[in-house]
Amino acid sequence: MSDATRPDGASAQQTSDAGKRLAKNLALYTVARLALVVVLTAAIILVARLVRVEVPVIVAALFALIIAMPLSLTLFKKLRVKVNEDIAVVDEKRRKDKARLRARLRGEDGGASA
């Protein structure tokens with residue numbers, strides 16, 4: 001069965017777009033979170049130098065990581081929601097494909113195309 005004649009009406013273009021959108025949004029969310037860690041690390045080091053305290057970079061990075069985890073949940077909520085929605089779309093497509101394949105293996109021709 002080719003993608004052009006799929007019973008659920010989804011074209012190959014639509015399903016590949018969902019995967020591409022997921023990859024793009026996930027990459028953007030990851031870069032945003034890493035950038036937040038870098039900015040917080042730099043801020044911790046700067047504040048420490050202003051008060052004349054020497055803080056190792058690794059310690060500042062660890063503190064920045066701990067601070068960035070909950071902070072990114074609020075700062076990047078829209079990105080996180082987009083990633084979750086894209087995951088749901090891709091997962092639903094995967095679930096339908098799996099059900100269709102199982103139906104074909106059982107010998108049911110169009111039984112799983114609901």
Side-chain angles (χ1 to χ4, degrees):
M1 188 182 303
S2 72
D3 285 340
T5 60
R6 295 175 80 164
D8 62 356
S11 69
Q13 181 68 28
Q14 289 171 331
T15 55
S16 76
D17 285 349
K20 288 178 183 176
R21 193 174 53 245
L22 171 61
K24 182 189 82 164
N25 286 335
L26 187 59
L28 188 61
Y29 183 61
T30 302
V31 168
R33 289 186 72 183
L34 288 173
L36 180 62
V37 171
V38 169
V39 167
L40 288 172
T41 301
I44 290 170
I45 290 173
L46 258 147
V47 169
R49 285 193 180 159
L50 287 176
V51 294
R52 292 177 173 49
V53 175
E54 193 63 33
V55 176
V57 175
I58 190 74
V59 173
L62 288 173
F63 276 114
L65 189 63
I66 292 168
I67 295 167
M69 280 191 260
L71 194 58
S72 67
L73 291 176
T74 56
L75 290 178
F76 308 128
K77 183 178 181 178
K78 289 181 183 178
L79 275 174
R80 187 173 40 85
V81 168
K82 283 182 186 179
V83 168
N84 288 339
E85 289 170 352
D86 292 340
I87 288 172
V89 168
V90 170
D91 192 42
E92 182 62 30
K93 184 240 181 252
R94 183 192 57 79
R95 224 177 283 129
K96 285 181 181 179
D97 287 347
K98 189 175 181 180
R100 191 178 309 112
L101 177 62
R102 286 186 176 170
R104 287 181 66 196
L105 288 173
R106 285 190 306 264
E108 301 169 8
D109 202 18
S113 63

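Atom set for the values below is all heavy atoms of this structure, side chains included, hydrogens, waters and symmetry mates excluded. The first residue in the sequence is number 1, and the count goes up from there.
- Follow the hydrophobic side-chain contacts under 4.5 Å out from L79 and you reach I87 in the same cluster.
- Heavy atoms only, all atoms of each residue included: T74 and L71 are closest at OG1-O, 2.9 Å.
- N25 contributes atom CG, which lies 13.5 Å from atom NZ of K78 (distance to the nearest 0.5 angstrom).
- A salt bridge links R100 with D97: at least one charged nitrogen is closer than 4.0 Å to a carboxylate oxygen.
- Hydrophobic clustering, with ILVMFWY side chains joined whenever heavy atoms are under 4.5 angstrom apart, keeps I45 apart from I66.
- For S72, the side chain to side chain donor-acceptor pair (under 3.5 Å) criterion is met by R33, not counting sequence neighbours.
- Criterion: ILVMFWY side-chain heavy atoms under 4.5 Å apart, direct or through other members. Under it, I58 and V38 are not part of a common hydrophobic cluster.
- Between F76 and L36, some side-chain heavy-atom pair lies under the 4.5 Å cut-off.
- V47 and I44 are members of different hydrophobic clusters when ILVMFWY side chains are connected at heavy-atom separations under 4.5 Å.
- Linking ILVMFWY side-chain heavy atoms closer than 4.5 Å, directly or via other members, places V83 and V89 in two distinct hydrophobic clusters.
- Using a 4.0 Å cut-off between charged nitrogen and carboxylate oxygen, R94 and D91 count as a salt-bridge pair.
- By the 6.0 Å contact criterion, CG on L105 is enclosed, its count of non-hydrogen atoms from other residues, nucleotides or ligands being greater than 12.
- Ion pairing between a basic and an acidic side chain is recognised when a charged N comes within 4.0 Å of a carboxylate O; K82 and E85 show no such pairing.
- Note: L62 CG to T41 OG1 = 8.5 Å, rounded to the nearest 0.5 Å.
- Here the side chains of K77 and R80 are in contact, with some heavy-atom distance below 4.5 Å.
- Pairing each heavy atom of V37 with each of A61, the nearest pair is CG1-O, 4.4 Å.
- When all heavy atoms of V55 and A48 are compared, the pair lying nearest together is CG2-CB, 3.3 Å.
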